[in-house]
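In what follows, every chain begins at residue 1, and chains take the letters A, B, ... in the order their sequences are listed.
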2 protein chains.
Amino acid sequence: MPNTDRISKPTSRRMSLYLRVLQSQLDMQTNSISSKQLGAQTGVKDAQVRKDLACFGSLGRPGVGYRTHDLHQALLCLLGMDQTWKTVLVGAGNIGRALLAYPRFRNEGFDFVAAFDQEKKTVGKRIAGLVIQPMSELKKSVKQNKVQLGLIAVPPDAAVQVAQCLVDAGIRGILNFAPKRLDLPSGIAVVNVDFTDALEQLAFEIRLSNNDIKVMK
Amino acid sequence: MPNTDRISKPTSRRMSLYLRVLQSQLDMQTNSISSKQLGAQTGVKDAQVRKDLACFGSLGRPGVGYRTHDLHQALLCLLGMDQTWKTVLVGAGNIGRALLAYPRFRNEGFDFVAAFDQEKKTVGKRIAGLVIQPMSELKKSVKQNKVQLGLIAVPPDAAVQVAQCLVDAGIRGILNFAPKRLDLPSGIAVVNVDFTDALEQLAFEIRLSNNDIKVMK
DNA sequence: GATTGTGAAGAGCTTCACAGCT
DNA sequence: AGCTGTGAAGCTCTTCACAATC
């Protein structure tokens with residue numbers, strides 16, 4: 001039983017990285033993995049890896065490392081990948097449709113039970129096995145199916161309203177692809193994925209390495 | 001002329017948030033904005049906003065705030081949005097096609113000059129005004145067009161190879177949508193966008209707020 | 001009166017280094 | 001010998017608080 005109080009955000013992000021390494025290692029029949037190896041494959045220092053994994057108690061064995069199977073199980077459980085998460089998609093535009101079809105989501109326990117869109121043209125179409133429903137059905141569907149997660153892939157102006165609707169319907173967490181800040185009650189988890197943000201970071205970093213930021217009027 | 005030495009990663013991320021607020025404010029003819037207002041709309045404390053903006057020198061006026069126009073210009077410039085970035089897409093699957101069609105990219109100065117895919121079925125198709133080319137053309141095209149940015153949206157196993165190819169062709173930065181760590185020479189900027197990561201963070205946060213992490217064998 | 005810019009304090013994260021275990 | 005777990009040191013980021021400015 002991990003001491004979750006001490007798991008910081010940076011740590012939980014790295015946990016995802018460790019999990020990914022473990023998943024590729026499991027196929028290869030490796031019995032153990034050391035903090036050094038894990039670190040090398042994730043770009044993290046070995047001491048940091050050990051600190052991160054300390055929340056699992058004494059999982060590693062000195063002189064050997066961590067049993068891959070046990071560590072994999074522990075990470076799956078910690079990151080909530082040992083259960084199925086009922087999920088809905090709101091917004092079936094280009095991005096939304098790509099997300100619906102993203103095979104990795106289904107493989108990792110995210111079960112899309114419904115998808116919604118405002119456009120009459122889109123409603124009724126079948127994508128990745130789901131028929132797109134009108135927004136008017138959203139609240140009812142989330143409640144009835146006890147959906148826990150919502151993916152928001154609508155234009156920024158609609159995002160706040162959609163989020164509120166999901167929260168009213170009893171959702172627990174939102175993955176937000178709209179470039180818009182969602183100010184939701186505590187108790188509702190929000191993770192933002194913002195493509196423009198990411199590209200701006202990239203442009204900024206390139207300029208930094210160029211020593212190129214001079215023009216500032 | 002900002003002192004870029006002191007701009008930390010957390011700060012540059014928030015700069016993107018400030019820029020977004022400014023862009024919506026500009027339309028509304030507001031002359032000035034205070035650190036308090038900026039903070040309220042981004043979820044950042046006012047003192048933090050002022051510290052972040054300190055790299056621009058004395059841009060703000062005590063008692064008044066920051067002139068929206070000047071701040072907007074400064075942020076555009078800092079984040080590299082005052083120029084056009086020649087960009088290629090590698091991988092024209094569901095995600096790749098959605099990215100090509102994402103209108104925000106074009107609006108913010110990212111100019112897609114070419115797109116590539118391995119699948120013969122996909123090559124030759126026209127998406128968002130671009131004809132998908134075979135991978136064999138990638139290196140030549142990047143060199144000839146002096147492309148600076150690459151978007152990688154290929155399966156994880158192919159990502160490393162594609163990245164190497166882009167680097168060899170002289171690219172400056174990579175936005176990586178493949179769930180795979182890219183270990184590239186310093187001087188090449190990499191920003192990762194990992195959907196599975198994001199969903200794992202969400203699942204983890206929900207469990208945290210549930211106080212639900214008990215089972216750990 | 002309102003707001004900036006910033007030194008100093010506070011909080012948090014990472015790295016070091018080593019005792020202790022296998 | 002090799003590796004973990006961890007206290008302590010070092011570093012970075014955030015928040016506070018207030019003099020200076022408009």
Notebook entry, point to check: For the side chain of A:K51 and the base of C:dT15, is some donor closer than 3.5 Å to an acceptor across the two?
Noted result: yes

Margin query: Using the side chain to side chain contact (heavy atoms under 4.5 Å, CB included) criterion, which residues pair with B:S34? Sequence neighbours excluded.
Written below: B:K36, B:Q37

Checklist line | Qualifying residues under side chain to side chain donor-acceptor pair (under 3.5 Å), relative to B:Q201, sequence neighbours excluded | finding: A:S12, A:S16

Checklist line | Residue mapping more 5' on DNA chain C - nearest nucleotide basis, A:A47 or B:Y66 | finding: B:Y66

Check: Can you check the B:L71 CG to C:dT4 P distance for me, whole Å?
Finding: 11 Å

Notebook entry, point to check: Considering only side-chain heavy atoms of A:K45, which listed nucleotide, C:dA17, C:dC13, C:dT15, is closest?
Noted result: C:dT15

Notebook entry, point to check: Between A:R13 (CZ) and C:dT14 (P), how many Å, whole number?
Noted result: 10 Å

Notebook entry, point to check: What class does the angle between the rings of A:F105 and A:F110 fall in, given that below 30° is parallel, 30 to 60° is tilted and above 60° is perpendicular?
Noted result: perpendicular

Note to self: Please report the distance, rounded to the nearest Å, between NZ in B:K36 and P in C:dT4.
What the structure shows: 10 Å

Check: What is the distance from CD of B:Q48 to P of C:dA11, rounded to the nearest Å?
Finding: 16 Å

Margin query: Taking any atom closer than 4.0 angstrom to a non-hydrogen atom of chain A, what span of DNA chain D does the protein reach, first nucleotide to last?
Written below: D:dG2 to D:dA8

Check: Could you state the CZ-C1' distance from A:R6 to C:dA11, rounded to the nearest angstrom?
Finding: 16 Å

Margin query: Side chain of A:P62, heavy atoms from C-beta onward: which of C:dT4, C:dT14, C:dC21 has the nearest atom to it?
Written below: C:dC21

Next item on the list: Remember a base hit wins even if backbone is also touched, and classify A:R50 as base, sugar-phosphate or nothing at under 4.0 Å, heavy atoms.
Entry: base

Next item on the list: May I ask you to verify if any side-chain N or O of B:S35 is less than 4.0 angstrom from the OP1 or OP2 atom of C:dT4?
Entry: yes

Item checked: Minimum heavy-atom distance between A:A169 and A:V142, given as atom pair plus value -> CB-CG1, 3.6 Å

Note to self: Just the rounded figure in Å: distance from C1' of C:dT4 to CG of B:L59.
What the structure shows: 11 Å

Margin query: For residues 159-192 of chain A, which residue pairs pass the ring-ring contact (aromatic ring centres under 6.0 Å, His included) check, not counting sequence neighbours?
Written below: A:F177-B:F195

Margin query: Just to be sure I understand the rule, does A:S58 reach a base, reach only the sugar-phosphate, or reach nothing, if contact means heavy atoms closer than 4.0 Å?
Written below: sugar-phosphate

Check: How would you list, by chain and number, every residue that makes a side chain to side chain contact (heavy atoms under 4.5 Å, CB included) with A:E205, sequence neighbours excluded?
Finding: B:K9, B:A189, B:V191

Check: Got a sec, which pairs hit side chain to side chain donor-acceptor pair (under 3.5 Å) with one end in residues 97-118 of chain A, sequence neighbours left out?
Finding: A:N94-A:R97

